[in-house]
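Have a look at the structure below before the remarks.
It should be emphasised that the depicted structure is a prediction, and the values quoted were computed from it without experimental measurement.
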Amino acid sequence: MEFDQLTHFLKIAQTENITRAAEELGLSQPAVSRSLQRLEEEIGQPLFERQSRKMVLTDAGELLVSRARQIMSIIDDTLSEITDDGQSGRIRLGAIPTIAPYFLPGLLQHFTSEFPKARLLVQEEPTQSLLQRLTQGELDLAILALPIPAKYLEIDTLFEEELLLVMPQGHPLSQKKQIKLADIQTLPFVLLDEAHCLSDNIVSFCRQRSFQPVSMEKTSQLTMVQELVTLGHGISMVPAMARAIDKSDRRLYRSLASPKPMRTIAAVWNPYRFQSKLLQAFRKTMHHYSATFKAKPRPD
């Protein structure tokens, strides 16, 4: 049994498809198929049930996935510990889509200017996918919004951020000096779909104040939420960091009267994995950089 075989096997288990696994591994589909075939021959039984559209793990495959992840984690941690000089190495970083494009560019620029030998690999995915990757040792750190439904992970709060009401130019609410929750209870909302925790933050805030936002449309990208608002499809709430880089003059942003909707941004990592000196330096840089987001941008 070779390490490459385990790597190929784990990728097939993750994608449930040999062709997709081969693409993500940068190998040909026949090469990955042969690797799996040799592994199954060595073990003496099938690891997957071949269905029409996907590969489903057998009982033996389920057991091997668990052991293979442990083996690969031990190897990865060992290599990281041996080569840990505090200046070079790899950091696998994850962030949710409503944070990544607004928070990460400046953070990565700050860090790489101080640690030019470091390699930063970024994954932008919804919360649940990132938590799974952290648990399995596929990520070193993720930047998420609380609450985080996971056990056995370390959570470090970075800063709180206001969610601003966004509306098109000329909207009747734009003339009000103070916008209250009662002013928006019957208005249609444009929200992100269920995979994104920002919608949970908004809906939870509204429900705690005894009303359910009327969601007329849902989309998978925050920029599309902003565009649909511009076109008059409804109003929404967006993070202050997204407003800070919005150069459009077709949208207006307003703070709600107290209590203001907020979300808490946090860093999350697996404390059972090796914490390199470089990763510790990244967390320190992240804290310093986060301080700039505590001074929240003002609405229009």
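Annotation: side chain of Val32 is not in contact with side chain of Leu36 (no heavy-atom distance under 4.5 Å). A 4.5 Å side-chain heavy-atom check between Ile12 and Leu47 finds every atom pair outside the cut-off. His171 is not listed as a side-chain neighbour of Leu165, based on a closest heavy-atom distance of 4.5 Å or more. Pro261 is not listed as a side-chain neighbour of Asn201, based on a closest heavy-atom distance of 4.5 Å or more. Put simply, the side chain of Leu279 does not reach to within 4.5 Å of the side chain of Trp269, judged on heavy atoms. A 4.5 Å side-chain heavy-atom check between Leu10 and Arg69 finds at least one atom pair inside the cut-off. In this structure, Glu227 and Thr223 have side chains that are not in contact, with every pair of non-hydrogen atoms separated by 4.5 Å or more. Counting heavy atoms from C-beta outward, Leu278 and Phe111 have side chains that approach closer than 4.5 Å.
The main-chain N or O of Leu134 is found under 3.5 Å from a side-chain atom of Asn270 such that the two form a donor-acceptor pair.
In summary, the side chains of Ser255 and Glu162 do present a donor paired with an acceptor at a separation below 3.5 Å, with no hydrogens or angles considered. With no hydrogens or angles considered, no side-chain donor-acceptor pair links Thr230 and Gln226 at under 3.5 Å.
With a 6.0 Å radius and a threshold of 12 heavy atoms from other residues, nucleotides or ligands, Phe3 has its CZ atom at or below the threshold. Within a 6.0 Å sphere centred on CD of Gln109, other residues, nucleotides and ligands contribute 12 heavy atoms or fewer. Within a 6.0 Å radius of CG in Asp85, other residues, nucleotides and ligands contribute more than 12 heavy atoms.
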Please lay out, stage by stage, how His110 and Glu114 fare under the test side-chain contact (heavy atoms from CB on, under 4.5 Å). CA-CA 7 Å; His110 273 66; Glu114 187 175 355; over 6 Å; no
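Look at Asp4 and Arg38 and you find no salt bridge, because none of the NZ, NE, NH1 or NH2 atoms lies under 4.0 Å from a carboxylate O. Taking 4.0 Å as the cut-off between side-chain N and carboxylate O, Asp246 and Arg251 count as a salt-bridged pair.
Residues Lys176 and Asp183 come closest through the heavy atom pair CE-OD2, 3.1 Å.
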Which donor-acceptor pairs under 3.5 Å do the side chains of residues 117-130 make with protein atoms, sequence neighbours left out?
residue : atom : partner : partner atom : Å
Glu125  : OE1  : Arg133  : NE           : 3.2
Glu125  : OE2  : Arg133  : NE           : 3.1
Glu125  : OE2  : Arg133  : NH2          : 3.2

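Classification of the Phe159-Phe103 ring pair by plane angle, with boundaries at 30° and 60°, yields tilted.
Expressed to the nearest 0.5 Å, how far CZ of Arg243 lies from OG of Ser248 amounts to 9.5 Å. Rounding to the nearest 0.5 angstrom, the gap separating the NZ atom in Lys54 from the CG atom in Asn17 is 11.5 Å. Atom-to-atom distance recorded for Arg273:CZ and Asp77:CG is 4.0 Å, nearest 0.5 angstrom.
Linking Ile, Leu, Val, Met, Phe, Trp and Tyr residues whenever their side-chain heavy atoms come within less than 4.5 Å leaves Val56 and Phe9 in two separate clusters.
Pairs of residues two or more places apart, or lying in two chains, that qualify as salt bridge (Lys or Arg N to Asp or Glu O under 4.0 Å) and include a residue from residues 252-266 are Glu161-Arg263.
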